[in-house]
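As structure tokens, the structure follows; a few thoughts come after it.
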Amino acid sequence: GAIAIRDKDQVSITSTSISDNTAVNGVGGAIVNDNTTGTGSFAITNSSLDNNTATEGGAIYTTANSLSTIFSAGIDDNEATDGDGGALYIGNNATVTIEQVGLRRNEADDQGGAIYYDADRPLVIDNVTFESNLADSDGGAIANNSDSATLSIADTDFLTNITQEEGGALFAGADTNTVVNSSNFQGNRAEGAASNGGAIAGNRTGELSLADTNLINNYATRAGGGIFLRDDSEATVSCTLTLDAEGRALTTTSRCEGNN
């Protein structure tokens, strides 16, 4: 890749373009941030990360014990060729805030076309656009597999993302906690032969909360054009559900309360 950050107290990348880099048989095509000591900070501002490639975390791979902020950036056309996180892989002790960012046309060979999240600390996404990202497995835009922290999403658009498994835009895995406010899910697709959850799929004892959120013209091959919940997943939904072309807005095999 281009940049490896290890055991630094503070790193800032501003007004920079990082493109066309490859981590051959490695992670983080543009940036690897794996600070293991201290509680440093890592920030990307007014920058672009495009056309980078790695096995996981096509653009950024962060497992650092630090606070990371990505603000006013474009992260497009990156690829995880043999794993998770087409644009970003977020794991271990990373605390990440993503604000005013566009993530477009990123692709993962496994989960999380744009973002794969499996950290022990919160991920905050605010005023972000996820568009035309693709995952060969779960979560066309985001795969949340953190069982010990909260994924918070606000004022965010999920547009025309695709999965071949579950959750065209968003997949919330086992024991996860996902909160979505004032966001839009439109034209997302779960289009594998037996795919569920055109916009959102929740799986196994996870908690999902949606408020003031629109689900419009999403599609699933099998069930839940809008939202699909299985097993002991629990959802509180206060949102506008617009029926998909085949009349499937919400399918659940568990509890779903407070629907409009």
Side-chain angles (χ1 to χ4, degrees), residues 1-6 13 17-34 42 44 47-64 68 70 73-94 96 98 101-119 123 125 128-146 151 153 156 158-173 176 188-192 195 197 201 203:
I3 301 171
I5 301 167
R6 292 187 172 93
I13 297 172
S17 175
I18 306 174
S19 62
D20 300 303
N21 298 284
T22 300
V24 179
N25 298 321
V27 297
I31 299 170
V32 174
N33 181 27
D34 61 357
F42 168 61
I44 299 173
S47 296
S48 61
L49 293 86
D50 303 328
N51 295 300
N52 299 288
T53 302
T55 55
E56 290 192 305
I60 300 172
Y61 184 94
T62 180
T63 57
S68 299
I70 304 172
I75 307 177
D76 303 333
D77 301 300
N78 302 284
E79 183 177 2
T81 58
D82 193 28
D84 305 310
L88 286 84
Y89 182 106
I90 301 168
N92 293 352
N93 294 318
V96 179
I98 303 171
V101 171
L103 293 106
R104 296 177 172 88
R105 300 178 304 279
N106 301 287
E107 182 175 349
D109 179 66
D110 202 344
Q111 296 190 27
I115 296 176
Y116 179 83
Y117 169 56
D118 192 11
L123 170 59
I125 295 173
V128 173
T129 298
F130 293 88
E131 185 173 2
S132 301
N133 299 287
L134 172 65
D136 286 349
S137 186
D138 301 317
I142 301 174
N144 176 14
N145 282 304
S146 172
L151 167 59
I153 301 170
T156 290
F158 293 85
L159 309 173
T160 62
N161 301 285
I162 297 173
T163 180
Q164 299 299 322
E165 296 289 343
E166 297 199 342
L170 171 62
F171 174 77
T176 59
N188 303 286
R189 298 175 66 86
E191 61 179 31
S195 292
N203 196 16

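Since this is a predicted model, take the numbers as computed values, not measurements. Index from 1, following the sequence.
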With rounding to the nearest 0.5 Å, note down the distance linking CG in Asp50 to OG in Ser17. 6.0 Å
Check: Ser132/Thr160 side-chain N/O donor and acceptor closer than 3.5 Å: yes
Could you go through residues 80-90 and list every donor-acceptor pair under 3.5 Å that involves a side-chain atom there, pairing it with any protein atom two or more places apart or in another chain?
{"unit_1": "Thr81", "atom_1": "OG1", "unit_2": "Ala54", "atom_2": "O", "d": "3.4"}
{"unit_1": "Asp84", "atom_1": "OD1", "unit_2": "Gln111", "atom_2": "N", "d": "2.9"}

Thr55 side chain to Gly26 main-chain N or O, any donor-acceptor pair under 3.5 Å? yes
Under the 3.5 angstrom rule, does the side chain of Asn106 hit a backbone N or O of Asn78 as a donor-acceptor pair? yes
Check residues 162-171 and write down every donor-acceptor pair under 3.5 Å in which the side-chain atom is one partner and the other belongs to a residue at least two apart or another chain.
{"unit_1": "Thr163", "atom_1": "OG1", "unit_2": "Ser137", "atom_2": "O", "d": "2.3"}
{"unit_1": "Thr163", "atom_1": "OG1", "unit_2": "Glu165", "atom_2": "N", "d": "2.9"}
{"unit_1": "Glu166", "atom_1": "OE2", "unit_2": "Asn196", "atom_2": "ND2", "d": "2.9"}
{"unit_1": "Glu166", "atom_1": "OE2", "unit_2": "Arg230", "atom_2": "NH2", "d": "2.6"}

I need the minimum non-hydrogen distance between Asp136 and Asp109, along with the two atoms involved. CB-O, 3.1 Å
Please identify each residue that fulfils side-chain contact (heavy atoms from CB on, under 4.5 Å) with Asn93, with sequence neighbours left out. Asn65, Asp120, Arg121
What distance separates Ile70 CD1 from Leu49 CG, expressed to the nearest 0.5 Å? 7.5 Å
Taking all non-hydrogen atoms of both residues, which atom of Ala135 and which atom of Gly112 are closest, and how far apart? CB-N, 4.0 Å
Taking salt bridge (Lys or Arg N to Asp or Glu O under 4.0 Å) as the test, write out the residues that go with Asp77, two or more places apart. Arg105
By side-chain hydrogen bond (donor to acceptor under 3.5 Å, both in side chains), which residues pair with Thr62, not counting sequence neighbours? Asn33
Sub-4.5 Å side-chain heavy-atom contact between Tyr117 and Thr176: no
Separation between CD of Glu79 and CD of Glu107, rounded to the nearest 0.5 Å: 5.0 Å
Taking ring pair (Phe, Tyr, Trp, His ring centres under 6.0 Å) as the definition, give me every residue that meets it alongside Phe158, ordered by chain and number, with sequence neighbours left out. Phe130, Phe185
Min side-chain heavy-atom separation Val101-Ile44 under 4.5 Å: no
Are Asn144 and Leu123 side-chain neighbours, meaning at least one heavy-atom pair lies under 4.5 Å? no
Give a yes or no on whether the backbone of Asn161 and the side-chain of Asn188 come within a donor-acceptor separation of less than 3.5 Å. yes
Check Ile18, Asn52, Val128, Leu103 against Ile75 for a side-chain contact (heavy atoms from CB on, under 4.5 Å) and give me the one that passes. Leu103
Would Asp34 and Val27 count as a side chain to side chain contact (heavy atoms under 4.5 Å, CB included) here? Give the steps. CA-CA 11 Å; Asp34 61 357; Val27 297; over 6 Å; no
